[in-house]
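So the structure is just underneath, and the comments pick up after that.
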Amino acid sequence: MGNCLHPVEPSLSVDPNSNQWVLGNFQWNYSYDENESYKSFDYNADLEAAAPCHSCNLLDDSSLPFFILASVLGILASGTVLFALLRPLFHWQLCPGRPILAQLAVGSALFSIVVPILAPGLSSAHSIILCGLGYWVWYGSAFAQALLIGCRACLGPKLGAGQSPGLTLGLTVGIWVAAALLGLPITLASDTSRGLCTLASSRGLGALQSTHAVACFVVFILWPLGLMGAKGLRKALGWGPGPWVDILWVWFIFWWPHGIFLGLDTLVRFRIILLPTCLVQKVLDLLLHLAEALAILHCVATPLLLALFCHQATRSSLPSLPLAERRSSHLDTFGSKS
């Protein structure tokens, strides 16, 4: 996938017939006044995109099979887990907090569906509307999953008791509305360039891209770190166990690198951080694409984490049930199958 070993060498030439400088595939107009000692340039291209320092592109057209495979596996795995949660198989009806877990499976399925939309190599299928919708669902579903895991960690006992449907409904609506709003900046900043679904290079959209980078850093980095800090503080002060930390928190490992390197790349592009050499820029581009590939793989890993969690939860719940309840559970399961 990609070509990060061979840099793009820019070629600089002058077109005397049209008064244009040409740098590779980019060009800008110039004018010269004999009475003045300087030249004035009218830039008509994004010189940052033309720079050879940005020639490292890991996720290019050759990575299309990776996108397709991740999408297919994610849809199949998420659909299977969602079916098992909605129509319980074995003893999954005993899994605590099933409404939240089902929403995690839905978020993973939505992400898997839109993965091909943003995949390079499908230029004929791209449009501005489809590109924006893809980015909205892509990040909206990821934000929703992160918020669901965090809220479940804080309200786990109340949600697991099954005695507060109003709380579950309000939490569901609030989380998905917040996730949809957090996904709007990247949606408005998306565009199609040469048939590829990318972010617009207009300087006027820099605020939207910065807002998106801040949202990713807060939700994927500060949100779980804050919960873990609260858990440690409460335990140190003797105020209780604090937020739950279980196998579902592995989900954040797939998005932590993306939040870190996206924020770092944004600081570099807005000249807040200056990189010393082109090699450092290429390494940053490579790490950013690797983080994106790892984030894509979460749509396959999330259903596996849900299945493992439900297996562990039901396995630990069954021995504590009375014999009569276990027999009733068996009868309910067989009756639902028939």
Side-chain angles (χ1 to χ4, degrees), residues 78 81-82 84-85 92-111 139-183 215-260 294-295 297-317 320:
S78 300
V81 172
L82 186 61
L85 289 170
W92 278 28
Q93 71 272 23
L94 303 176
C95 193
R98 274 197 305 150
I100 300 298
L101 301 179
Q103 293 178 60
L104 286 173
V106 170
S108 177
L110 290 175
F111 185 94
Y139 281 102
S141 62
F143 288 145
Q145 293 176 73
L147 295 176
L148 284 168
I149 294 174
C151 291
R152 180 189 168 279
C154 297
L155 305 174
K158 297 181 180 179
L159 298 175
Q163 299 176 355
S164 54
L167 175 62
T168 302
L169 179 60
L171 187 66
T172 299
V173 174
I175 285 177
W176 285 97
V177 170
L181 294 177
L182 289 173
C216 289
F217 185 80
V218 170
V219 176
F220 300 144
I221 307 297
L222 297 184
W223 171 241
L225 289 181
L227 292 177
M228 293 178 65
K231 179 179 178 64
L233 182 61
R234 288 179 62 89
K235 191 173 182 179
L237 297 177
W239 292 351
W244 288 359
V245 177
D246 49 36
I247 190 63
L248 296 181
W249 279 63
V250 176
W251 183 94
F252 286 105
I253 295 179
F254 292 88
W255 284 95
W256 271 341
H258 183 73
I260 292 175
L294 182 63
L297 291 177
H298 97 273
C299 65
V300 181
T302 300
L304 300 180
L305 295 175
L306 291 173
L308 181 60
F309 172 80
C310 288
H311 174 71
Q312 293 177 348
T314 54
R315 184 178 171 184
S316 60
S317 313
S320 61

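In this structure, the side chains of Leu227 and Cys154 come closer than 4.5 Å at one or more pairs of heavy atoms. Residues Leu248 and Arg152 form a side-chain contact, since some pair of their non-hydrogen atoms from C-beta on lies under 4.5 Å apart.
Here the closest non-hydrogen pair linking Gly107 and Trp176 is CA-CH2, 4.0 Å. Taking both residues in full, the closest heavy atoms of Ala144 and Ile175 are given as O-CG2, 3.8 Å, listed atom of the first, atom of the second, then distance. Shortest non-hydrogen contact noted between Ala102 and Leu82 is O-CD1, 3.6 Å. Shown here for Cys299 and Phe111, the closest heavy-atom pair between the two residues is CB-CD2, 3.7 Å. Here the closest heavy-atom approach between residue Val81 and residue Pro303 is recorded as CG2-O, 3.5 Å.
Going from atom SG of Cys216 over to atom CD1 of Ile260 covers 12.0 Å, rounded to the nearest 0.5 Å. Summarising the geometry, atom CG belonging to Asp246 is positioned 10.0 Å from atom CG belonging to Leu308; distances are rounded to the nearest 0.5 Å. Atom CD1 of Ile100 sits about 6.0 Å away from atom OG1 of Thr168, to the nearest 0.5 Å. A distance of 11.0 Å separates CG in Leu305 from CG in Leu101, rounded to the nearest 0.5 Å. Interatomic distance, Leu147 CG to Leu171 CG, rounded to the nearest 0.5 Å: 9.0 Å.
For Leu225, the side chain to side chain contact (heavy atoms under 4.5 Å, CB included) partners at least two apart in sequence or on another chain are Ile221.
When atom types are taken as modelled, the side chain of Trp249 and the backbone of Trp244 share a donor-acceptor pair closer than 3.5 angstrom. Between the side chain of Trp251 and the backbone N or O of Ile149, no donor-acceptor pair lies under 3.5 Å. With hydrogens and angles ignored, the 3.5 Å screen pairs no side-chain donor or acceptor of Ser108 with any backbone N or O of Leu104.
Applying ring-ring contact (aromatic ring centres under 6.0 Å, His included) to Phe220 and the options Phe143, Tyr139, Phe254, Phe252 leaves one that passes, Phe143.
Ring geometry for Trp255 against His258 counts as perpendicular: the plane angle is over 60°, on a 0 to 90° scale with 30° as the lower cut.
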